[in-house]
Structures are given as C-alpha cells and as structure tokens.
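What's counted below: heavy atoms across the whole structure, side chains too, no hydrogens, waters or symmetry copies. We're numbering straight along the sequence, starting at 1.
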Amino acid sequence: VLPTPCTVPEFPGSLLSAPHYSHTTAITADGLILTCGGITNSRKCLVLDVPSQTWLDHSHLDQSRIGSTAVTMPEGLFLFGDDLYDETTSSFLPTGTTEWEAGPHLQGMALLEHVL
C-alpha cells in the first residue's frame with residue numbers, strides 16, 4: 001500500500017497534539033489506513049492519503065480508545081478495549097462510513113480467553 005521504500009508519514013501537529021502514543025492503526029476492508037485514539041487524541045481517527053503521503057481527519061470515535069486492539073472484517077472495523085478506562089467495550093466502524101457506533105460489550109476477560 002505504501003511506496004517503496006516503505007515509510008509512514010509523520011502525524012500532523014506538534015509532539016503534544018499528534019496521536020503518536022498508544023494509538024491503533026489498521027487497514028479497513030475497503031483499503032483505508034486509519035490510525036485512531038491514543039493518549040492525546042483518544043477519540044480522533046486519521047486516514048492516510050497515500051498519494052500525498054499525508055494524514056487527514058477521518059472520523060471521531062464513539063468513546064475514548066487508548067491502546068485498543070483492531071480487528072478488520074468485511075462488515076467493518078472493530079476496536080476492542082481501552083487501556084485506561086474500560087477493556088470490555090468496543091467500537092465499530094461499518095465499511096464505507098465515517099460514523100463509529102458502540103460495538104459489542106465483552107464480558108470480563110472474554111476477549112483474552114478467546115485469544116489465548
């Protein structure tokens with residue numbers, strides 16, 4: 001997806017405003033490269049415009065996501081957990097949209113039990 005040599009462009013903003021720490025990056029089913037959440041922008045998602053090699057505003061999450069896990073499926077993108085607030089929640093972005101919605105609620109350590 002990225003040109004050779006493969007480099008990821010810097011995030012916009014200063015060190016204190018860029019989503020550079022504890023964010024989650026994923027490729028959506030329709031081929032977008034999104035980076036969402038993080039310590040300084042816990043509800044913001046950026047999309048990489050590959051031709052211009054710049055990050056652009058994409059969407060806002062339904063809730064904070066810091067250190068989440070991404071799962072891409074044909075139906076859309078799931079972000080599971082939030083390291084600081086609630087590891088049992090998820091957010092869902094249907095493929096082809098910019099509107100996040102609440103995803104399934106995980107009971108206790110359900111996610112870890114299925115992964116391990």
Side-chain angles (χ1 to χ4, degrees):
V1 174
L2 294 173
T4 304
C6 181
T7 58
V8 177
E10 289 186 27
F11 293 119
S14 67
L15 179 64
L16 296 178
S17 66
H20 66 281
Y21 181 70
S22 290
H23 61 280
T24 302
T25 302
I27 299 177
T28 64
D30 51 352
L32 299 177
I33 300 173
L34 292 183
T35 191
C36 298
I39 295 291
T40 58
N41 284 301
S42 62
R43 288 185 173 225
K44 188 173 187 175
C45 290
L46 302 175
V47 62
L48 179 61
D49 180 63
V50 175
S52 69
Q53 290 291 287
T54 56
W55 292 99
L56 306 171
D57 286 343
H58 178 269
S59 55
H60 285 85
L61 295 162
D62 63 309
Q63 72 172 68
S64 169
R65 293 282 166 218
I66 299 170
S68 296
T69 298
V71 176
T72 300
M73 300 187 74
E75 300 84 9
L77 176 66
F78 289 90
L79 294 182
F80 291 100
D82 179 84
D83 282 351
L84 294 182
Y85 302 106
D86 189 350
E87 295 177 352
T88 65
T89 62
S90 68
S91 296
F92 177 67
L93 178 68
T95 299
T97 72
T98 58
E99 296 293 323
W100 288 88
E101 53 193 59
H105 188 80
L106 304 170
Q107 298 299 317
M109 298 297 284
L111 180 62
L112 288 178
E113 291 171 7
H114 291 287
V115 172
L116 298 177

To the closest 0.5 Å, what do you measure between [atom1] ([X]) and [atom2] ([Y])?
X: L48; Y: H58; atom1: CG; atom2: NE2; answer: 12.0 Å
X: L46; Y: N41; atom1: CG; atom2: CG; answer: 7.5 Å
X: L93; Y: F78; atom1: CG; atom2: CZ; answer: 10.5 Å
X: K44; Y: W55; atom1: NZ; atom2: CH2; answer: 12.5 Å
X: I66; Y: L79; atom1: CD1; atom2: CG; answer: 12.5 Å
X: Q63; Y: D82; atom1: CD; atom2: CG; answer: 6.5 Å

Does [X] reach the main-chain N or O of [Y] with its side chain, forming a donor-acceptor pair under 3.5 Å?
X: R43; Y: R65; answer: no
X: S68; Y: G81; answer: yes
X: S91; Y: D62; answer: no
X: T72; Y: I27; answer: yes
X: T54; Y: D49; answer: no

Tell me, do I33 and T25 make a side-chain contact under 4.5 Å, heavy atoms counted? yes
Are [Y] and [X] co-members of a hydrophobic cluster defined by side-chain heavy atoms under 4.5 Å apart?
X: L61; Y: L32; result: yes
X: V50; Y: L56; result: no
X: F92; Y: F80; result: yes

Determine the minimum heavy-atom distance between [X] and [Y], stating which atoms define it.
X: I39; Y: S22; value: CG1-CB, 4.1 Å
X: G37; Y: H23; value: O-CB, 3.4 Å
X: A70; Y: L77; value: CB-CD1, 4.1 Å

Salt bridge (charged side-chain N to carboxylate O under 4.0 Å, His left out) filter on D30, not counting sequence neighbours, yields none
Residues which pass side-chain hydrogen bond (donor to acceptor under 3.5 Å, both in side chains) with W100, listed by chain and number, not counting sequence neighbours: S59
